[in-house]
Amino acid sequence: MGTTETGILSGRLSPVEYEKNFSDLHPPLDEHEALVASDRCYFCYDAPCMTACPTSIDIPLFIRQISTGNPIGSANTIFDQNILGGMCARVCPTETLCEQACVRNEAEHRPVEIGRLQRYATDIAMRENRQFYQRAAPTGKSVAVIGAGPAGLACAHRLAVKGHDVTIYDAREKAGGLNEYGIATYKAVDDFAQAEVDYVLAIGGIDIRNRMMLGRDFSLSDMLAKHDAVFLGLGLAGVNALRAEGETAEGVEDAVDFIAALRQSQTKADIAIGRRVVVLGGGMTAVDAAVQAKLLGAEEVTICYRRGKEHMNASVFEQDLAAAKGVTIRHWLQPKRIIARDGKVAGIELDYTAIADGRLTTTGETGVITADHVLKAIGQMFEADGLGIITLQSGRIVVDGEGRTSLDRVWAGGDCVLGGEDLTVSAVAMGRDAAESINHVLAAASQPAVAVA
């Protein structure tokens, strides 16, 4: 079908076009390219890039190892801090983290390509199935990890290395969480998310039980009765409502569902897209949805965000990527109502907005954009079903510096906790650190009591 067809349709492009459009956004470095890129690193002492990394990877060391022809050693250095370093190399906003802190920016305004170098090393290790860790002697302790996303997987791997038995319970059909269902397809091609899960599980001692949802299939008290400790890596399963007239019209869809369907599609030809698409939101999800809508064959794709460019959660790189792919980004527009015709989306009416006295307000002016497909990317929320008496604040789980919740023997990490960031690398750090805390508590409990004279 040609793109002149109206309505929400699948198969707008040829198989060759789909394959080209959804190919790797950043092709991997070859050996020569990696050596050249690594040679630009100053190998700084007290490197600011290392401080900027939420998992504190020793970036100068792993780059030096690449420069000396030791990518396997480099991967070991990376995995010591971040067992999901392969995915983080693909999806992390390195331009606002490690690469933004790179001292090369001072003189050349071009950082060392830390993310691509990290991918180079980890890809080689995973391709050769190099496992750097062995399980310690069995401790006889078991831990339930609820949620098989980045936080849960990182926690489970570190606990398994310590010799504990881990059971991961996850509501989805496949493990991986955000990495499997929530990122743009072109950021992680060739089913990399599943390959990384398999790599993590190769340590042994980790059992995954899919289609098991907290609050539906089991309770937190069930887990505490069966296991010595529990880690909650629940992510954000809920989606904010638009709360606007016409939201139920055919053609209005949650962007997270749209992205998840794309991630699970083998050909992309079965994913329907409108001719004129409007995406509501200003974060990474909005950009991922908008770019992929364009790649599916939509003729016009517009992102509408209620604030200015400088307020968008999507990085400047992501915004520029969207523009390069033909997406129009319009600011200071807030959805007022979905215009429906015969029950289907025909357009969207928006209020113009401005900041007045420090608050976002509407100006009284409105505008209309013709559309047949509206994707909502206006944020996700934490669903606390089955948590019982655990303390929440602002709709998230409250934890201390080690990830401990208000309930004894229960830890949490990732997007579901208060202060959690919507970043894979931050979730990995929290899962890893909670595992160390859990291990410390379980090891202390195993020590025999010392008699006092």
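Each residue takes its place number in the sequence, starting with 1.
- In Asn129, the CG atom is crowded: over 12 heavy atoms of neighbouring residues, nucleotides or ligands sit closer than 6.0 Å.
- Nearest heavy-atom pair across Cys49 and Ile114 is CB-CD1, 3.9 Å.
- No side-chain donor from either of Lys174 and Gln194 sits under 3.5 Å from a side-chain acceptor of the other.
- For His157 and Phe132, the ring centers are positioned 6.0 Å apart or more.
- Between Ile378 and Leu242 the shortest side-chain heavy-atom distance falls below 4.5 Å.
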Item to check | Lys162/Glu436 under salt bridge (charged side-chain N to carboxylate O under 4.0 Å, His left out): CA gap, chis, key distance, verdict | outcome: CA-CA 9 Å; Lys162 302 292 186 182; Glu436 291 290 349; 3.6 Å; yes
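- Side chain of Asn105 to main chain of Gln100: a donor-acceptor pair is present (N/O by atom type, distance under 3.5 Å, no hydrogens or angles).
- When side chains are defined from C-beta on, Phe79 does not count as touching Phe62, because their heavy atoms never get closer than 4.5 Å.
- Side-chain contact between Glu128 and Ile72 is present, with heavy atoms from C-beta onward closer than 4.5 Å.
- Rounding to the nearest 0.5 angstrom, the gap separating the SG atom in Cys416 from the CE atom in Met430 is 7.5 Å.
- Residues Leu214 and Leu220 share a closest heavy-atom pair of CD1-N, 3.7 Å.
- Two residues are said to be in side-chain contact when any heavy atoms from C-beta on lie closer than 4.5 Å; Pro150 and Asn179 meet this criterion.
- Heavy-atom minimum distance, Met87 versus Phe192: N-CE2, 3.5 Å.
- The existence of a salt bridge linking Arg64 and Asp39 is excluded, since no basic side-chain nitrogen approaches an acidic carboxylate oxygen closer than 4.0 Å.
- For the pair Ser23 and Val189, the tightest heavy-atom approach, listed with the atom from each and the gap, is C-CG1, 3.9 Å.
- The distance from atom CD1 of Ile203 to atom CD1 of Ile206, rounded to the nearest 0.5 Å, is 7.5 Å.
- Although no hydrogens or angles enter the test, the distance criterion places no donor-acceptor pair under 3.5 Å between the side chain of Asp254 and the main chain of Val256.
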Checklist entry - Passes side-chain contact (heavy atoms from CB on, under 4.5 Å), Leu159 versus Ile438? Steps please. => result CA-CA 8 Å; Leu159 288 168; Ile438 293 168; 3.8 Å; yes
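- A salt bridge does not link Lys268 with Glu17: none of the charged nitrogens is closer than 4.0 Å to a carboxylate oxygen.
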Item to check | Intermediate values then yes/no, salt bridge (charged side-chain N to carboxylate O under 4.0 Å, His left out), Lys187 and Glu318 | outcome: CA-CA 12 Å; Lys187 292 181 180 178; Glu318 294 286 339; 3.1 Å; yes
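- Of the possible donor and acceptor atoms, none in the side chain of Glu253 sits under 3.5 Å from a partner among the backbone N and O of His373.
- By the 6.0 Å contact criterion, CD on Glu106 is open, its count of non-hydrogen atoms from other residues, nucleotides or ligands being 12 or less.
- In this structure, Asp385 does not pair ionically with Arg216, as no charged nitrogen and carboxylate oxygen lie closer than 4.0 Å.
- Note that Arg330 lies outside the cation-pi zone of Tyr305, set by a 6.0 Å cut-off to the ring centre and a 45° limit from the axis.
- One distance of note links CD1 of Ile63 with CD1 of Ile78; it measures 8.5 Å at 0.5 Å rounding.
- Side-chain atoms of Trp411 and Ser437 include a donor-acceptor pair closer than 3.5 Å.
- Under the 3.5 Å distance criterion, with hydrogens and angles disregarded, a donor-acceptor pair is assigned to the side chains of Tyr133 and Asp80.
- Between the side chains of Ser38 and Ser67, not a single donor N or O lies within less than 3.5 Å of an accepting N or O.
- Checking side-chain atoms of Ser219 against main-chain N and O of Asp222 turns up a donor-acceptor pair under 3.5 Å.
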Item to check | Step-by-step side-chain contact (heavy atoms from CB on, under 4.5 Å) determination, Thr391 to Thr405 | outcome: CA-CA 7 Å; Thr391 300; Thr405 71; over 6 Å; no
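- Side chains of Thr285 and Asp288: no donor on one and acceptor on the other come within 3.5 Å.
- Distance check, rounded to the nearest 0.5 Å: CD of Gln334 to CG of Leu280 gives 10.5 Å.
- Between the side chain of Asn21 and the backbone N or O of Leu295, at least one donor-acceptor pair lies under 3.5 Å.
- Side-chain contact between Met223 and Ile146 is present, with heavy atoms from C-beta onward closer than 4.5 Å.
- Between Glu180 and Gln264, the side chains place a donor N or O and an acceptor N or O closer than 3.5 Å (distance only, hydrogens not considered).
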Item to check | Verdict with reasoning, Leu153 to Cys155, per side-chain contact (heavy atoms from CB on, under 4.5 Å) | outcome: CA-CA 5 Å; Leu153 289 170; Cys155 182; over 6 Å; no
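- Between Asp400 and Arg404, the shortest heavy-atom contact is OD2-NE, 2.7 Å.
- Ionic pairing of Asp123 and Arg116 is not present here: no N-O contact between side-chain nitrogen and carboxylate oxygen is shorter than 4.0 angstrom.
- Counting heavy atoms from C-beta on, the side chains of Asn210 and Glu173 never come closer than 4.5 Å.
- Considering CG of Asp257 and CG of Leu375, their distance stands at 10.0 Å, rounded to 0.5 Å.
- Under a 3.5 Å cut-off, the side chain of Tyr42 and the backbone N or O of Pro60 do not form any donor-acceptor pair.
- The aromatic rings of Tyr169 and Phe218 sit tilted relative to each other, their planes meeting at an angle between 30° and 60°.
- With hydrogens and angles ignored, the 3.5 Å screen pairs a side-chain donor or acceptor of Gln118 with a backbone N or O of Gly85.
- Salt bridge present: Arg40 and Glu108 bring a charged side-chain N and a carboxylate O closer than 4.0 Å.
- Counting non-hydrogen atoms of other residues, nucleotides and ligands closer than 6.0 Å to NE2 of His311 gives a total above 12.
- Put simply, the side chain of Thr167 does not reach to within 4.5 Å of the side chain of Ser142, judged on heavy atoms.
- Checked options Leu418, Leu387, Val417; the residue passing with Phe382 is Leu387 (criterion: side chain to side chain contact (heavy atoms under 4.5 Å, CB included)).
- Residues Tyr120 and Asp30 have side chains not in contact (no heavy-atom distance under 4.5 Å, counting atoms from C-beta outward).
- Heavy-atom neighbours of Lys309 NZ from other residues, nucleotides or ligands within 6.0 Å: above the threshold of 12.
- No donor-acceptor contact under 3.5 angstrom links the side chains of Ser74 and Gln65, judged on distance only.
- Thr55 and Gln81 share no donor-acceptor pair across their side chains, judged by distance under 3.5 Å alone.
- No more than 12 heavy atoms of other residues, nucleotides or ligands shown are found within 6.0 angstrom of CZ on Arg306.
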Next on the checklist: Does Arg135 form a salt bridge (charged side-chain N to carboxylate O under 4.0 Å, His left out) with Asp165? I'd like the steps, not just the answer.
Outcome noted: CA-CA 10 Å; Arg135 292 198 70 203; Asp165 292 323; 3.7 Å; yes
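- A distance of 8.5 Å separates OG of Ser265 from CZ of Phe22, quoted to the nearest 0.5 Å.
- Judged by distance alone, the side chain of Asp207 and the main-chain N or O of Ile168 form no donor-acceptor pair under 3.5 Å.
- Across all non-hydrogen atoms, the minimal contact from Cys92 to Glu95 is O-OE1, 4.5 Å.
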